[in-house]
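What follows is one structure encoded as structure tokens, with my remarks underneath.
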Amino acid sequence: MRLSRYFLPTLKETPSEAEIVSHRLMLRAGMIRQHTSGIYSWLPLGLRVLRAIEQIVREEQDRAGAQEILMPTVQSAELWRESGRYDDYGKEMLRIVDRHERDMLYGPTHEEVVTDIFRKNIQSYRDLPKNLYQIHWKFRDEVRPRFGVMRGREFLMKDGYSFDLDPLAARRAYYRMFVAYLRTFHRLGLKAIPMAADTGPIGGSLSHEFIILAETGESAVFCHKDLLDKTPPQNVDYDGDLEPIFKEWTSLYAATDEKHGPDHGVPEGDLVSARGIEVGHIFNFGTKYSVPMGATVTTQDGSSVPVHMGSYGIGVSRLVGGIIEASHDDAGIIWPDSVAPFQVALVNLKAGDAQTDAACADLETRLAAAGLSVLIDDTDERPGAKFATQDLIGLPWQLIVGPKGLARGVVELKRRATGERHEVTVESALAHLTGTGA
RNA sequence: CGGGGCGUAGCUCAGCCAGGUAGAGCGCCAGCUUUGGGAGCUGGAUGCCGGAGGUUCGAAUCCUCUCGCCCCGACCA
């Protein structure tokens with residue numbers, strides 16, 4: 001992509017509406033624009049990041065045996081009356097009346113819809129287990145939206161739902177998602193720590209929040225320091241017994257502010273106190289919805305039993321902000337390779353100069369051929385302005401090509417995360433970029 | 001939903017207290033110069049001063065109402 005043609009409205013100054021760093025940087029880097037309180041448009045650069053995160057989430061869900069579906073955003077109030085939540089949910093639910101005076105709503109979550117799909121289409125224990133998920137926009141009319149996309153009213157969420165015959169099988173489904181979440185956040189370049197959680201309005205018995213640590217996190221969290229060094233398993237057999245992995249991660253102390261107490265039993269020096277951002281939340285809630293909504297299956301002996309369910313959320317749009325909170329410096333964003341909107345910034349320091357233009361065109365072709373996404377800065381800005389823009393938008397690699405370097409047969413390769421810069425030949429730069437799989 | 005703050009150029013903001021021709025910096029446009037960390041000079045364009053009503057000879061400025069946004073708290077992926 002050529003920067004001269006790309007819609008990337010960057011800002012030199014911070015808009016006054018933005019308080020926290022991720023919100024400021026997302027506005028300045030031209031990723032989003034606010035439409036109204038808590039509701040945003042995604043511009044090309046931001047959308048690329050959103051899609052990259054979505055894709056990683058999708059791959060890990062599929063790997064763990066979940067299947068993607070897509071449910072409606074606008075739902076009928078009827079189902080919610082059936083589950084009993086229509087009156088419980090309160091003002092957070094955006095209620096709409098259609099032309100026939102029927103009560104509708106913009107979905108804040110989808111337990112009712114998915115349970116309805118299940119009960120109408122699955123009758124036998126032989127069709128279990130099932131795990132269905134979607135990546136979709138939700139709306140919760142928060143009293144006070146804030147922090148940009150971290151706490152918007154409209155947000156993109158991965159929500160998944162498991163259906164099992166009995167509590168034991170449901171627990172195994174829970175473990176599968178638990179492990180899938182560990183892997184997902186790891187791939188996103190995040191250190192996410194599962195913490196025992198309250199189940200809130202969704203209800204149930206077993207629940208964990210996945211919290212990433214960032215100085216600007218919304219709430220205080222506490223955990224054993226050994227949790228910070230753990231990495232999830234590389235290869236997982238999702239058909240195998242995942243309880244050991246679950247135990248390994250939950251045996252160390254970890255608690256959010258509300259659950260933290262003096263009886264944590266962690267030696268003074270081992271307790272980490274930090275700020276956290278919730279990016280995922282999983283629940284096992286048994287028959288809370290299947291009983292009132294009649295989601296049952298016939299068992300082997302011919303009797304009818306309600307299915308045991310769980311639900312599993314990941315705040316996809318929130319993650320964009322969360323990743324920035326966890327990865328930035330004074331100059332701007334530092335994207336992890338896995339979610340970067342482009343892998344390489346190819347900076348032509350003197351657009352219009354025949355030799356640098358030719359060198360950049362050649363590099364662009366060869367980087368693209370190697371499968372790397374490249375944003376080429378072909379504008380006639382001054383070098384200083386180009387560097388500032390690149391550091392702001394934070395692509396993992398900057399390949400800087402100027403006439404002075406070319407005269408000496410070199411280009412400059414800069415790693416955004418570390419700031420390391422090396423003068424290397426064109427060939428060696430290419431070898432490095434394509435070789436690292438960047 | 002309680003408390004507070006702010007709406008003036010694309011962005012950041014001054015002007016309001018004490019009414020009298022709408023401003024600055026950045027950005028944008030043109031030209032010249034410059035060319036490795038958000039350059040310099042010259043010239044230029046840009047505003048229903050959030051909206052409606054009122055007071056006044058005269059309102060960005062005072063009064064009333066209204067809409068929007070932000071912050072703190074209570075609540076949440």
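Proteins come first, then strands; the chains are lettered A, B, ... in the order of their sequence lines, and each starts at number 1. Since this is a predicted model, take the numbers as computed values, not measurements.
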Nucleotides 6-11 of chain B: which of its N/O atoms have a protein N/O under 3.5 Å away?
from: B:C11; atom 1: O2; to: A:E13; atom 2: OE1; distance (Å): 3.2

Check the interface with nucleotides 73-75 of chain B: list each N/O to N/O pair with the protein under 3.5 Å, or write none.
from: B:A74; atom 1: N6; to: A:R146; atom 2: NH2; distance (Å): 3.0
from: B:C75; atom 1: O2; to: A:R151; atom 2: NH2; distance (Å): 2.8
from: B:C75; atom 1: N3; to: A:R151; atom 2: NH2; distance (Å): 2.9
from: B:C75; atom 1: N4; to: A:R146; atom 2: NH2; distance (Å): 3.1

Quick one: does NZ or CZ of [X] land under 6.0 Å from the six-membered ring centre of [Y], within 45 degrees of the ring axis?
{"X": "A:K414", "Y": "A:W397", "answer": "no"}
{"X": "A:R48", "Y": "A:F342", "answer": "yes"}
{"X": "A:R81", "Y": "A:Y86", "answer": "yes"}

Both distances below 3.5 Å, Watson-Crick or wobble geometry, any strand: find the nucleotide opposite [N].
{"N": "B:G58", "result": "none"}
{"N": "B:C28", "result": "B:G44"}
{"N": "B:U34", "result": "none"}
{"N": "B:U21", "result": "none"}
{"N": "B:A74", "result": "none"}

Taken in chain and number order and not counting sequence neighbours, the residues that satisfy side-chain hydrogen bond (donor to acceptor under 3.5 Å, both in side chains) with A:E278 are A:H281

_Any residue meeting side-chain hydrogen bond (donor to acceptor under 3.5 Å, both in side chains) with A:E381, in chain and number order, not counting sequence neighbours_ =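 Expected list: none.
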
Short side-chain N/O contact to [N] OP1/OP2 from [X], under 4.0 Å:
{"X": "A:K12", "N": "B:C26", "result": "no"}
{"X": "A:K350", "N": "B:U35", "result": "no"}
{"X": "A:K91", "N": "B:C1", "result": "yes"}
{"X": "A:R382", "N": "B:U35", "result": "no"}
{"X": "A:Q390", "N": "B:G38", "result": "no"}

query = Taking N and O atoms by type only, does the side chain of A:R421 place a donor or acceptor under 3.5 Å from a partner on the base of B:G36?
reply =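 No.
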
| Polar pair under 3.5 Å, donor/acceptor by atom type, side chain A:T36, base B:G68 | no

Q) Would A:E423 and A:R408 pass as an ion pair if we require N to O under 4.0 Å? A) yes

Check your understanding: Under 4.0 Å between a Lys/Arg side-chain N and an Asp/Glu carboxylate O for A:D380 and A:K386?
Key ->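 A salt bridge is absent here (no side-chain N lies under 4.0 Å from a carboxylate O).
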
Rounded to whole Å, how long is the line connecting atom [atom1] of [X] with atom [atom2] of [N]?
{"X": "A:Q398", "N": "B:G36", "atom1": "CD", "atom2": "P", "value": "17 Å"}
{"X": "A:I20", "N": "B:C70", "atom1": "CD1", "atom2": "C1'", "value": "14 Å"}
{"X": "A:E381", "N": "B:G37", "atom1": "CD", "atom2": "P", "value": "14 Å"}

key: Of all pairs that satisfy ring pair (Phe, Tyr, Trp, His ring centres under 6.0 Å), the ones with a partner from residues 58-82 of chain A, not counting sequence neighbours   =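 Matches after skipping sequence neighbours: A:W80-A:Y89.
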
Counting any heavy atom closer than 4.0 Å, what does [X] reach on the DNA or RNA strands: base, sugar-phosphate only, or nothing?
{"X": "A:K414", "answer": "base"}
{"X": "A:I314", "answer": "nothing"}
{"X": "A:R28", "answer": "base"}

| field | Span that lies between the C1' atom of B:G68 and that of B:A22, in whole angstrom | value | 23 Å

Pick out which of A:R146, A:R275, A:R151 makes a salt bridge (charged side-chain N to carboxylate O under 4.0 Å, His left out) with A:E218.
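That would be A:R151.
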
Under a 4.0 Å heavy-atom cutoff, the residues of residues 57-75 of chain A touching RNA chain B are none

